[in-house]
Number of protein chains: 2
Amino acid sequence: MKKPKIKDVAKMAGVSTTTVSRVLNGERYVKDELKAKVQRVIDELGYSPSHIARSLVRQKTNLIGVIVPDLTSSFHATILSSIEQTASRSGYSLLVCDIHEDTDKELQYLNIFKEMRVEGIIIMHEKLSDKIQNLINKLDIPVIFSSVRPPDQKFISVIIDDYHAAYDAARYLAGLGHTRIAFIGGDMRDVTSGQSRYLGYRNALEDSGIAVDDDYIRFGDYKPRSGYDRMKELLDVSPRPTAVFAVSDDMAAGAMNCIHDQKLSVPEDISVIGFDGSQLTELVRPRLSSMEQPIEDMGRVTVDSLFDLIQGNEKAPKEDLILQHQLVVRDSCRALQ
Amino acid sequence: MKKPKIKDVAKMAGVSTTTVSRVLNGERYVKDELKAKVQRVIDELGYSPSHIARSLVRQKTNLIGVIVPDLTSSFHATILSSIEQTASRSGYSLLVCDIHEDTDKELQYLNIFKEMRVEGIIIMHEKLSDKIQNLINKLDIPVIFSSVRPPDQKFISVIIDDYHAAYDAARYLAGLGHTRIAFIGGDMRDVTSGQSRYLGYRNALEDSGIAVDDDYIRFGDYKPRSGYDRMKELLDVSPRPTAVFAVSDDMAAGAMNCIHDQKLSVPEDISVIGFDGSQLTELVRPRLSSMEQPIEDMGRVTVDSLFDLIQGNEKAPKEDLILQHQLVVRDSCRALQ
DNA sequence: TTGAAAGCGCTAACAG
DNA sequence: CTGTTAGCGCTTTCAA
């Protein structure tokens, strides 16, 4: 027998579909006797109510759409995992899109989300094209950004204070006695966090009485490879930097590998500090000191806030939620002298 | 105005809903003039057809459910990414569940998948409880396993030949002149691949004229931490092994870190070989030699086969799909003498 | 080419 | 406590 429907159950139990619906939804007002009989038929038939039909009449899908820039990045995967955890606890399921630099795909998925009538959308991607800006602005579905804050738009972000986090990281290096502190930043074009972290780095140096030297400043794409390549360039600068601050752990790990491959040592020759607090920090040797984001919290807070937005709660956030960053010292930085 | 519906479009365009439906679905038999007018109204209203209503009448959801044991594992994240890529290209979306050891959650999600009427289910989790076995067996939705092959069940798996892969890895070490070859395996209880790899290791040693020594054999849980801990135990065995084969890159990386922390060197003191071919192999130093699975292919083949299953294609697989493993030599193993 | 009407599987008034 | 009835938003015969 093909997928039984509520009518089949009703017929077989000798009751109306309403009654079946009632036991399905655990309502009162059903005699125990009937309830038991209906339940028996349900089990026997292996009946399972159609979420589709339910959604249609309830006007509620319990679905959340998530857009991730790259699933294979440990940072994003960890946030996603935390998001999934939190959402599922409230009975929500996730529709996941991994865009992989493909802007068309992002657009396509946003439209799918719209058609699917997801109740909310979480975006972890920063470089929004005009088309996309346009689309999400007239979407009429709550949107929230997690771990990023794209410029010029009206939605809430759950982030850390990138400026101060970067500032604190650079200050830490300066406090260790370093004066030739290199910087491997992120995308500067349209990316707020990239700029904030860059500014934090600059100001920290200035406040430490260190002249900012553009030769020590490079920009990558957050991935290990770019950390490696930019580090290679930095090693050619003379005098060589004694410390480097990379704005992702992935880039920091890449930088460490480059240093290693050039027969130099971390932290003896060069100190390295990362950013994010991904699992990588404990997986590399020396273990990587990092300015950490509260990744798990970030996922949780994102979902909780999105729910508030969906429900139109009073406590729904009106502005960005800033989570605390934290410097975690491991073994990749040393004090000079 | 709240979410316009097809009726609104029809009214505003002065046509029937049928006509709107026709232009929506790009059918012939609509006069260009009307088509244009309807399209204009659609754009103006920002109308987007309800996937819910469509699914209900078409009896087709374009949804696939995926169960991942742990999203934060690079191996699984990469397969998932490849799955998403392939599925979205065919217009399918993914419902993702990260079970995190939580068997109840797996059961709960399987039921959600059932209610959601997903068209197919991909499972990357190996330790199926009886309840779950039971459920998926009477599910009447195509199920396919990716990268795992749980014992005793009727569904297809997309995997490599674990036995021969492990055999080849151990043989490689033996060929390098090693005779004290340790093994850090996976779960042996209910997990087929764990047993196959173990057997491959044993037989490779025997075929190489090396006596198998149980002191050199440990079992972990595929994660870095367990690789670290098991390695620590192995270092206490006397005489110390000169090589270790871990059945995941994560465990191999953990083992390398342990060796490093004990002031020993890879590969000078101990050679290490991993399994999987995750990104980690290039991220650690020395770079990790690994018996690699074709991760991207695995995702692609999984989805393609699932589609064949869904469509009841002739070419739908009748038995497990075995993909080719490949030894990738990097810098973590050395020849003795 | 176009439209009227039935129905996908379920819930929710409203009666009884 | 239980059943009747009317949709939820769309597609799809069937006629016109």
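For the numbers below, each heavy atom of this structure counts, side chains included, while hydrogens, waters and symmetry mates do not. None of the values given here were measured: they were computed from a predicted structure. Here is the naming used below: chain letters follow the sequence lines, and residue numbers restart at 1 for every chain.
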Quiz item: Under 3.5 Å, is there a donor-acceptor pair linking the side chains of B:Asn111 and B:Glu115?
Solution: no

Quiz item: Can you find an N or O donor on one side and an acceptor on the other, under 3.5 Å apart, linking the side chain of A:Ser21 with the base of C:dA12?
Solution: no

Exercise. In sequence, state the C-alpha distance, the side-chain angles, and the governing distance for B:Ile141 and B:Phe113, and then conclude on side-chain contact (heavy atoms from CB on, under 4.5 Å).
Key: CA-CA 9 Å; B:Ile141 297 176; B:Phe113 288 170; 5.7 Å; no

Self-check item: Base C:dA4 to side chain B:Ser16, donor-acceptor N/O within 3.5 Å cut-off
Solution: no

Quiz item: For the rings on B:Phe75 and B:Tyr222, is their centre-to-centre separation under 6.0 Å?
Solution: no

Quiz item: Do B:Asp102 and B:His100 meet the criterion of a side-chain donor-acceptor pair at a distance under 3.5 Å?
Solution: no

Quiz item: C:dC10 phosphate, OP1 or OP2: any side-chain N/O from A:Ser50 under 4.0 angstrom?
Solution: no

Quiz prompt | Integer-rounded Å distance: C:dA12 P and A:Arg58 CZ | solution = 6 Å

Quiz item: With nearest nucleotides of DNA chain D determined for B:Lys5 and A:Gly14 from heavy-atom distances, which residue corresponds to the more 5′ nucleotide?
Solution: A:Gly14

Exercise. Five pairs at each end of the helix from C:dT1-D:dA16 to C:dG16-D:dC1: take the axis at both ends and give me the angle between them to 10°.
Key: 40°

Quiz item: Rounded to whole angstroms, how far apart are CD1 on B:Ile52 and P on C:dT11?
Solution: 14 Å

Practice problem: Map A:Ala53 and B:Leu34 onto DNA chain C by nearest heavy atom, then report which one ends up closer to the 5' terminus. | Solution: B:Leu34

Exercise. Decide if atom CD of A:Gln311 counts as having more than 12 heavy atoms of other residues, nucleotides or ligands within a radius under 6.0 Å.
Key: yes

Practice problem: Using atom CG of A:Asn25 as one end and atom C1' of C:dA12 as the other, report the distance to the nearest whole Å. | Solution: 11 Å

Quiz item: With nearest nucleotides of DNA chain C determined for A:Leu24 and B:Val15 from heavy-atom distances, which residue corresponds to the more 5′ nucleotide?
Solution: B:Val15

Quiz item: Quick check: are there more than 12 heavy atoms from other residues, nucleotides or ligands sitting under 6.0 Å from NZ of A:Lys35?
Solution: yes

Quiz item: Going through the checks in order, is the side-chain contact (heavy atoms from CB on, under 4.5 Å) test met by B:Ile144 and B:Ser305?
Solution: CA-CA 8 Å; B:Ile144 194 165; B:Ser305 307; 3.6 Å; yes

Quiz item: Tell me: CG of B:Asp32 to P of C:dT1, nearest whole Å?
Solution: 9 Å

Quiz item: Tell me: NZ of B:Lys35 to P of C:dT2, nearest whole Å?
Solution: 10 Å

Quiz item: Side chain of B:Lys31: nearest nucleotide among C:dA12, C:dC8, C:dT2?
Solution: C:dT2

Practice problem: Give me the one residue out of A:Ser88, A:Ser81, A:Ser82 that meets side chain to side chain donor-acceptor pair (under 3.5 Å) with B:Asp98. | Solution: A:Ser81

Exercise. Anything under 4.0 Å to a heavy atom of chain A counts; send over the first and last such nucleotide of DNA chain D, read 5' to 3'.
Key: D:dC1 to D:dG9

Exercise. Record whether the side chain of B:Arg22 comes under 3.5 Å of the base of C:dG3 through a donor-acceptor pair of N or O atoms.
Key: yes

Quiz prompt | Length of the line joining A:Ile6:CD1 and C:dA12:P, which is rounded to integer Å | solution = 11 Å

Practice problem: Rounded off to whole Å, could you give me the NZ-to-C1' distance for the A:Lys7 and C:dG7 pair? | Solution: 10 Å

Quiz prompt | Distance-only polar pair, side chains of B:Ser193 and B:Glu126, donor-acceptor under 3.5 Å | solution = yes

Quiz item: What is the distance, rounded to the nearest whole Å, between atom CD of B:Gln59 and atom P of C:dC10?
Solution: 10 Å

Quiz item: So what does A:Thr19 hit on the nucleic acid, given a heavy-atom distance under 4.0 Å: a base, only sugar-phosphate, or nothing?
Solution: sugar-phosphate

Quiz prompt | SB check B:Arg300 B:Asp297 (cutoff 4.0 Å) | solution = yes

